[in-house]
Each structure stands twice: as structure tokens, then as C-alpha cells.
2 protein chains.
Amino acid sequence: MTQNVYKHHDHHSCVDSALNKARRLCEESGQRLTPVRQRVLEMVWANHKPVGAYDLLPKLAEEGFNSAPPTVYRALDFLLDLGLIHRISSLNAFIGCNHPGEAHPSCFFVCRECGRAQELDSRLMGSLASKAEEELGIKVEQQMTELMGLCPICQKEAS
Amino acid sequence: MTQNVYKHHDHHSCVDSALNKARRLCEESGQRLTPVRQRVLEMVWANHKPVGAYDLLPKLAEEGFNSAPPTVYRALDFLLDLGLIHRISSLNAFIGCNHPGEAHPSCFFVCRECGRAQELDSRLMGSLASKAEEELGIKVEQQMTELMGLCPICQKEAS
DNA sequence: AAACTTTAGGTTATAATATAACAATATTGT
DNA sequence: ACAATATTGTTATATTATAACCTAAAGTTT
């Protein structure tokens with residue numbers, strides 16, 4: 001676990017680090033981190049809450065970007081392909097990836113109260129996949145895990 | 001692993017067993033397995049492929065049931081609440097549960113070629129949740145895992 | 001630099017999935 | 001039979017996502 005979003009931290013450095021990694025990955029793969037793409041990535045990293053595509057549209061509009069659905073979906077797809085963000089299927093929402101560039105399953109806990117999502121160590125998912133591959137003869141290409149519940153902060157507030 | 005959907009099996013007995021379990025669970029919990037609900041459950045169990053809500057609508061219509069979206073979503077929600085089916089979020093689709101009545105995370109492998117889904121032993125997911133609870137102080141209430149790839153049959157056909 | 005190719009973005013329309021809100025009916029408990 | 005509750009019917013609409021086609025920008029080759 002490289003960080004804990006439910007603890008106080010210098011969030012500016014989260015965003016900063018995400019942008020640096022993005023720039024590096026783009027360069028390495030010969031892709032372009034265009035203004036929309038970078039801005040969408042920053043918006044996804046605005047906090048640690050998964051954000052919906054349609055939440056981004058008005059924000060892009062405010063900043064003078066084109067803001068039709070294809071624009072934001074293209075940017076999101078680009079970022080997904082590069083592994084810079086993950087998609088939280090159960091929420092139809094997107095969240096920044098903590099360690100882009102290292103192939104790994106999407107594995108998150110999301111607090112049902114505050115909405116903040118914590119990326120989890122996904123190594124156990126690897127075991128699950130291997131076991132299933134062995135027992136069933138399947139070939140696993142992708143995997144995702146989503147946990148829901150209460151974060152420490154919202155547990156306290158509930159009592 | 002109680003069964004392997006990628007191997008030949010008497011599918012009639014899958015459906016039969018699912019219906020029996022459904023009737024038992026409904027009785028135990030004082031809920032009613034009404035005609036639409038039962039029919040939707042049967043349709044979900046028609047094969048081992050996750051089925052979308054909107055795929056069910058015309059089938060219900062054919063049989064003279066009302067077939068507006070709320071009808072099918074209500075039936076699906078009922079079956080989800082009782083743990084008789086699971087939702088595959090990455091597909092917006094629904095699939096029968098192999099062991100309803102026993103609380104457990106949703107844990108599936110889905111073949112990207114043939115679409116057939118295999119429910120997996122979810123005990124490893126329990127470890128993941130416990131570990132996360134311990135390390136982060138979170139409280140996990142729900143979890144789901146979805147694997148994608150190629151089943152044994154589709155691997156063969158690909159070569 | 002001009003011509004060409006490739007990649008990205010703009011635009012309009014529409015598809016696919018899901019829910020809100022309220023009325024009508026059926027079932028259960030008294 | 002009556003009231004209370006649960007279920008279903010119905011209409012409308014919200015939310016999420018993609019298709020298709022066109023324009024513009026950036027990179028490549030000559």
C-alpha cells in the first residue's frame with residue numbers, strides 16, 4: 001500500500017506525481033498528452049473520489065474545451081488504455097491509478113458514505129486468477145475487484 | 001468449485017436446482033416468487049451467459065407479461081436482494097448464483113468469446129477484504145470480482 | 001516547404017441502461 | 001368484508017455510452 005487516502009496527505013503531490021508519470025508514459029509510448037487529456041487526468045485526480053464522465057463535461061465546458069460526450073470518453077479511453085486511470089464498473093466512474101505503467105488488476109475499496117476510493121494491493125487477485133486458470137483451464141486476461149463499505153472516518157461519524 | 005460450465009453437463013438440472021433453491025429461500029424469508037420473478041429467474045438461467053435487462057424484455061413480452069423496463073428491473077432487484085442472481089457490472093448483465101442463501105462475494109470469470117460465465121470460489125476474496133480491513137481500518141460490506149479472458153473451449157477454437 | 005499520412009478533435013444523432021413517480025390491482029392479515 | 005401491505009402497470013425521463021462522419025492538427029516523406 002503506497003498510500004492511504006483516508007489519512008491526511010499532501011494531495012498536491014498526488015496530482016503532481018500522477019502528471020509526471022503520465023508525461024513519462026506518454027513519451028515512452030509515443031503518445032500525446034494533449035490539453036484535454038491532461039485536463040481530464042487532472043480532474044480525475046481532483047480528489048480521491050471516482051468521477052463520472054458526465055461530471056467532467058461541464059467542467060471542461062467551463063474551461064472552454066469542447067464538451068460533448070465523445071470528447072470526454074475519448075480522453076478517458078486514452079487514459080484507460082495507458083493505464084493512467086481505472087474504471088469502477090459498479091459506479092460507472094473513473095479514478096486515478098496509483099502505479100501506472102505496472103500492469104495490474106483494478107482493485108479498489110470505495111466508501112459508500114464519502115465516496116473516496118482506495119486502490120488496494122492486487123497481488124491476491126493474481127493468486128485467484130492463477131488458481132482459476134489451473135482448475136478450469138481458462139486464460140485470464142483482465143480482472144477487477146471492487147469492495148464497498150465504510151472508511152475509518154465515516155465509521156466514526158456513524159457512531 | 002461445484003461445477004464447471006465449460007464442461008458438458010445436464011443443464012436442466014442447473015435450472016431445476018436454481019428454482020428449488022429459490023422457492024425454499026422465498027418461503028424461508030416470507031417473500032413471494034411471483035410468476036414474473038420466477039420467469040425472470042428461469043430466463044437468467046437459460047444458459048450460463050450473463051443476460052442484460054433489455055434482453056429479457058422482449059422475451060417477457062412474448063409470453064404475455066408486461067414488459068416495461070421497471071417490470072424487469074423490479075424482478076432483477078428482487079432476485080439480487082435474495083441472492084439468487086449476481087450482477088456482472090462490467091457487462092451490465094445478470095447471472096444466476098450457484099449457492100444462494102450463503103452470503104458470499106460475487107466472483108466470476110467470463111469468457112470474452114462465448115460469453116459464458118463461471119462462478120468462482122470466493123474465499124480468497126475474503127482474505128483480501130480482511131487484509132484491507134486490518135490495514136486500512138475500513139469495514140467491507142460488499143465485494144465483487146470479475147475476471148475476463150478465454151475459456152478452454154474458445155482457446156482451442158482460437159488455435 | 002509541399003504533399004501525404006496519421007492522429008486527434010468537433011459535431012450531431014442515437015443507442016443502451018436504469019430509475020422516478022404515481023395509479024391500479026392483488027395478496028395478506030384482521 | 002375491511003384495511004394494510006406488497007406487487008404490478010404505465011408513462012415519462014434520467015443517465016451512461018457509442019456510431020458515424022467531418023474537420024483540423026501534428027508528424028513524415030519527399
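- In this structure, the side chains of Thr145(A) and Glu146(B) stay at 4.5 Å or more apart for every pair of heavy atoms.
- Spacing between atom CG of Leu60(B) and atom C1' of dT10(D) amounts to 16 Å, rounded to whole angstrom units.
- For Asn92(B), no side-chain nitrogen or oxygen approaches OP1 or OP2 of dT16(D) to under 4.0 Å.
- Ring geometry for His104(B) versus His99(B): interplanar angle of 30 to 60°, hence tilted.
- Note on Leu147(A): it does not cluster hydrophobically with Ile88(A), by side-chain heavy-atom contacts below 4.5 Å among ILVMFWY residues.
- The nucleotide whose nearest atom lies closest to any side-chain atom of Ala53(A) is, among dA17(D), dT7(D), dT10(D), dA17(D).
- Atom CG of Leu80(A) is separated from atom P of dA17(D) by 11 Å (rounded to the nearest Å).
- Contact annotation: Arg37(B) reaches the phosphate of dT8(D) (side-chain N/O to OP1 or OP2, under 4.0 Å).
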* Criterion salt bridge (Lys or Arg N to Asp or Glu O under 4.0 Å) on Glu27(B) and Arg23(B), from CA distance to verdict -> CA-CA 6 Å; Glu27(B) 209 164 335; Arg23(B) 282 187 270 262; over 6 Å; no
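- Which of dT7(D), dA8(C), dT11(C) sits closest to the side chain of Thr34(A) comes down to dA8(C).
- dG9(C) atom C1' lies 15 Å from atom CG of Leu79(A), rounded to whole Å.
- Residue Asp77(B) contributes atom CG, which lies 14 Å from atom C1' of dT7(D) at whole-angstrom precision.
- To the nearest angstrom, C1' of dA8(C) lies 11 Å from CD of Gln31(A).
- Comparing dT18(D), dT7(C), dT28(C) by their nearest atom to the side chain of Arg32(A) picks out dT7(C).
- Considering only the side chain of Arg87(B), dA18(C) comes nearest among dA18(C), dT11(D), dA17(D).
- Taking atom CG of residue Asp81(A) and atom P of nucleotide dA8(C), one finds them 11 Å apart after rounding to whole Å.
- Take the nearest nucleotide of DNA chain D for Leu91(A) and for Pro35(B): the residue whose nucleotide is more 5' is Pro35(B).
- Ring stacking is absent between Tyr54(A) and dT15(D), as the pair misses the limits of under 5.5 Å between centres and under 30 degrees between planes.
- As a whole-Å value, the separation of Leu33(B) CG from dA6(D) C1' is 15 Å.
- For Phe94(B), whose side chain is taken as the heavy atoms from C-beta onward, the closest listed nucleotide among dT11(C), dT10(D), dA18(C) is dA18(C).
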Could you pull out every donor-acceptor pair under 3.5 Å between side chains of residues 105-114 of chain B and any protein atom, sequence neighbours left out?
residue   : atom : partner   : partner atom : Å
Arg112(B) : NE   : Glu141(A) : OE1          : 2.7
Arg112(B) : NE   : Glu141(A) : OE2          : 3.3
Arg112(B) : NH2  : Glu141(A) : OE2          : 2.8

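- Of the candidates dA17(D), dT11(C), dT10(D), dT10(D) carries the atom nearest the Pro70(B) side chain, counting heavy atoms from C-beta on.
- Considering only side-chain N and O atoms, Tyr73(A) lies nowhere under 4.0 angstrom from the phosphate OP1 or OP2 of dT18(D).
- In terms of phosphate contacts, Asn66(A) brings a side-chain nitrogen or oxygen within less than 4.0 Å of OP1 or OP2 of dG10(C).
- Protein atom CZ of Phe78(A) is 20 Å distant from nucleotide atom C1' of dA17(D), rounded to whole Å.
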